[in-house]
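Okay, so here's the structure we're looking at.
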Amino acid sequence: MLLAVVALLTGFASCSDDDLGPSIFDTREYPLDRTTYTFPLDTFVKVNFLEPYNVRYMYKMEDIGSDMKKNLVPARYEQSMKLAALSKYLWYDVYKMYAGDLFLKQNSPRIIHVIGSKSFNPSQGTETLGVAEGGVKITLYGANELEESDIAFMNKYFFHVMHHEFGHILDQTKIHPTNFNTISNGHYNPLGWTDTPDSVSNGSGFVTSYASSSYSEDLVEVSSTYITADTLQWINMLNTASYEWEMVDTEYRSEDEFESAVRGAMRDTVGYFKESASGDCKIYRKVCKRDGDDHVVLDEDGNIQWVHDSGVNGKEIILEKLDIVRKWLNDSFGFSIDDIRREVQQRQYETDGKGDFIIKDGQLVNRLTRPVEGTDSTLMQKLLNEINKYSELQPQSHQASQSISVPSCRYCSMHSSTTK
C-alpha cells in the first residue's frame, strides 16, 4: 500500500501541462484588423486601457451587456473617440499621476461600456446617467450628447458620473468609515429626492438631491462633486447650503405665470417654481423672518433676517462629510482628493502665470477648446490626434476613407431628475 501511495504521488509530481493535452479555451491572440474603419480607436483603447490596466473599453455597444428593457443605441464613432480621449486625459492619467499605476491596476473597473443614447426611467420621471456593477463594470449613457465646448454639461453628464461610479468601486473595495452614515441620519429621502431641487438639498447638508437618496450615494456624490465642480460652482453651492430653504404651495399653475408674477423680486426672498411629477406646484425659497401675512420682515437697517430654526447648517455638514471622504481616500488608497480635483480643474480650465484660474464674464475659461500654445490646434484636437495617429498604420486606401461621416441620431430631451 505504501509503495502504491509513493507511486501515485510520483505520478502527480511528474505531470506537466503537456500531459494534460490542449487547452479547452481559445488561447489564440487576434490582431486588430487594419482595414476596418474603427482601427485607430480600437488600437487606442487597446494601448491605453486594455494593455496597461486590463480594462475593456467597449464603445461598440453589446446589447446583451446593456439593459434589455430599454431602447438603447450605440455611440457614434466620432463621439466615442472624444469620450475615450477625454476619459484617458481627465480620469486615468490623473489617477496615474497621483495614485499610481498599481492603484489603477488593482481598482479600475474591468469593463467600461459606452452607450450612445440616454437611459430614461419613464415610471419615475428620472434618467439613469451611469451604472456600477459589482466593482467590475461601469456603464455610461448618452455619449452622443457629449460636447467639449460646454464643460459644465460634460462634467455633469459624463465625468461626474465616471468619478461617481468609480467611487462606488472604491467603496466596495475598502468600505468607508461608518461615522459618515450617521451625519445625515434621518434626513435621507430615498423616494422623494426626485422632487427636491438641489438648493433645498444643499441646505440640508447634501451636495446634490441624489446624494439625499442614501448614505452610499451621499458618499460618492461628495467625492465626484468635489472633483468635477469648478471653483465657482463649489463656492456657490456652499453659499446655497448656508441657508435654510422652505417649500410652499403656490396658486400659480405654470412656471410662466409664476415668473411673470415675481419678476423683479429678489431671488433671496422668492426662490423658484417647480411642478412635481404628481402635478403639485410649489415655490422654493430661502427661509427668512415673516409676519402673520407672510410678508418679509426687515431689520432696522433694511436687511433680510434669515432664519435657521432647524439647527441644520448645510455648509458645515457638507464640509464635515468631505473631510471624512478626504481621510478615507488618503488612508485607504494613498492619494489626496485635493490633488485629483486640482489636476482635473487645471486640465479643463485656463490658468494664469500664477496658476490661478482665469475668469471671464463670471465663468472659467474652457481650456479644451483653446489653441495649444505654439500651435493652431485646440487641446481637444491634440487629444484626438493621439487616436488618429494610428490611421498611419492602415493601408493607404483605408486612410482616405477616414473622412467618411457616420449618420447621426437625435434623442429625447433631458429630464430634470437624474440617477446614477
Side-chain angles (χ1 to χ4, degrees), residues 48 52-53 55 86-109 112 132 135 138 151-152 154-156 158-181 183 205-208 211 215-238 241 315-358 364 367-368 420:
N48 292 284
Y53 307 118
V55 175
L86 289 169
S87 296
K88 176 181 181 294
Y89 178 67
L90 295 174
W91 181 6
Y92 274 79
D93 285 355
V94 173
Y95 278 101
K96 177 181 178 180
M97 177 180 294
Y98 289 102
D101 264 347
L102 183 59
F103 165 82
L104 286 170
K105 291 176 181 178
Q106 292 176 335
N107 299 289
S108 176
I112 299 174
I138 287 179
I151 291 184
M154 186 177 71
N155 278 338
K156 180 177 180 180
F158 298 100
F159 292 96
H160 178 99
V161 178
M162 290 181 188
H163 290 285
H164 176 108
E165 302 302 350
F166 192 38
H168 277 308
I169 290 178
L170 297 182
D171 191 25
Q172 292 161 4
T173 303
K174 295 186 179 180
I175 303 299
H176 67 271
T178 55
N179 61 328
F180 182 96
N181 306 347
I183 297 175
F206 301 102
V207 291
T208 62
Y215 66 78
S216 60
E217 300 299 342
D218 193 6
L219 177 90
V220 296
E221 278 293 274
V222 169
S223 61
S224 56
T225 299
Y226 184 61
I227 291 171
T228 59
D230 67 48
T231 300
L232 299 180
Q233 291 171 336
W234 182 257
I235 291 174
N236 289 337
M237 185 272 294
L238 291 180
K315 177 180 178 180
E316 291 181 358
I317 292 174
I318 290 172
L319 293 178
E320 181 182 0
K321 291 176 180 178
L322 177 59
D323 281 339
I324 294 176
V325 170
R326 179 183 285 116
K327 188 175 187 305
W328 166 61
L329 292 175
N330 187 67
D331 293 347
S332 299
F333 301 101
F335 69 84
S336 165
I337 191 174
D338 299 292
D339 289 339
I340 299 294
R341 167 183 166 79
R342 183 180 61 254
E343 186 65 28
V344 167
Q345 303 291 307
Q346 291 179 344
R347 287 172 179 241
Q348 290 181 325
Y349 300 104
E350 290 278 0
T351 57
D352 59 20
K354 299 178 181 178
D356 297 326
F357 291 111
I358 299 173
L364 275 64
R367 187 181 176 195
L368 295 172
K420 281 88 176 176

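Here the structure is a predicted model, which is why all the values come from computation and not from measurement. These numbers come from the heavy atoms of this one structure, side chains and all, not from hydrogens, waters or symmetry mates.
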Looking at Tyr98, I'd like to know if its OH atom is crowded, meaning that more than 12 non-hydrogen atoms belonging to other residues, nucleotides or ligands lie closer than 6.0 Å.
yes
Taking the side chain from Arg326 and the backbone from Ser336, do they hold a donor-acceptor pair closer than 3.5 Å?
no
Do side-chain atoms of Asn155 reach the backbone of Phe159 as a donor and acceptor pair under 3.5 angstrom?
no
Quick one: closest heavy-atom pair of Ala211 and Asp218, and the distance?
O-CB, 3.3 Å
Minimum heavy-atom separation for Ile138 and Pro109, please, with both atom names.
CD1-CG, 3.9 Å
With a 4.0 Å cut-off, would you call Asp339 and Arg342 a salt bridge?
yes
Output the distance between atom CG (Leu90) and atom CD1 (Ile340), rounded to the nearest 0.5 Å.
11.5 Å
Hey, what's the ring geometry for Tyr92 with Tyr53, parallel, tilted or perpendicular (30° and 60° as the breaks)?
tilted
Is any side-chain heavy atom of Arg341 less than 4.5 Å from a side-chain heavy atom of Val94?
no
Sole candidate of Lys321, His163, His160 that passes side chain to side chain contact (heavy atoms under 4.5 Å, CB included) when paired with Glu221:
His160
Residues Gln345 and Thr231: closest non-hydrogen pair is OE1-N, 3.9 Å
Leu86 side chain near Leu368 side chain, heavy-atom distance below 4.5 Å
yes
Can you name the closest pair of heavy atoms from Ser87 and Met162 and give their distance?
OG-CE, 3.2 Å
Using the six-membered ring wherever Trp is involved, compare the ring planes of His176 and Trp328 and label them parallel, tilted or perpendicular (cut-offs 30° and 60°).
perpendicular
Could you go step by step and tell me if Lys315 and Met237 meet the side-chain contact (heavy atoms from CB on, under 4.5 Å) rule?
CA-CA 8 Å; Lys315 177 180 178 180; Met237 185 272 294; over 6 Å; no
Taking side chain as C-beta onward, heavy atoms only, is Ile183 less than 4.5 Å from Ile317?
yes
Any side-chain heavy atom of Asp323 within less than 4.5 Å of one from Lys327?
no
At their closest point, which heavy atom of Ser224 faces which heavy atom of His164, and how far apart are they?
CB-N, 3.5 Å
Interatomic spacing from CZ in Arg347 to CD1 in Ile151 - rounded to 0.5 Å:
13.0 Å
Minimum heavy-atom separation for Ser108 to Val55, with atom names?
OG-CG2, 3.2 Å
Short side-chain to backbone donor-acceptor contact, Asn107 and Leu170, under 3.5 Å
no
Between Gln346 and Thr351, is any side-chain donor less than 3.5 angstrom from a side-chain acceptor?
no
Which is it for Phe335 and Phe103 under the ring-ring contact (aromatic ring centres under 6.0 Å, His included) test, yes or no, and what are the steps along the way?
CA-CA 10 Å; Phe335 69 84; Phe103 165 82; 5.3 Å; yes
For the pair Lys174 (side chain) and Ser332 (backbone), establish whether a donor and an acceptor sit closer than 3.5 Å, ignoring hydrogens and angles.
yes
4.5 Å side-chain heavy-atom contact, Val325 and Phe180:
yes
Quick one, Trp234 and Thr225 - any side-chain contact, counting heavy atoms below 4.5 Å?
yes
Cation-pi check, Arg367 onto Tyr349 ring (under 6.0 Å, within 45° of axis):
no
With a 4.5 Å limit on heavy-atom distance, are the side chains of Trp91 and Ile112 in contact?
yes
Min side-chain heavy-atom separation Leu364-Gln348 under 4.5 Å
no
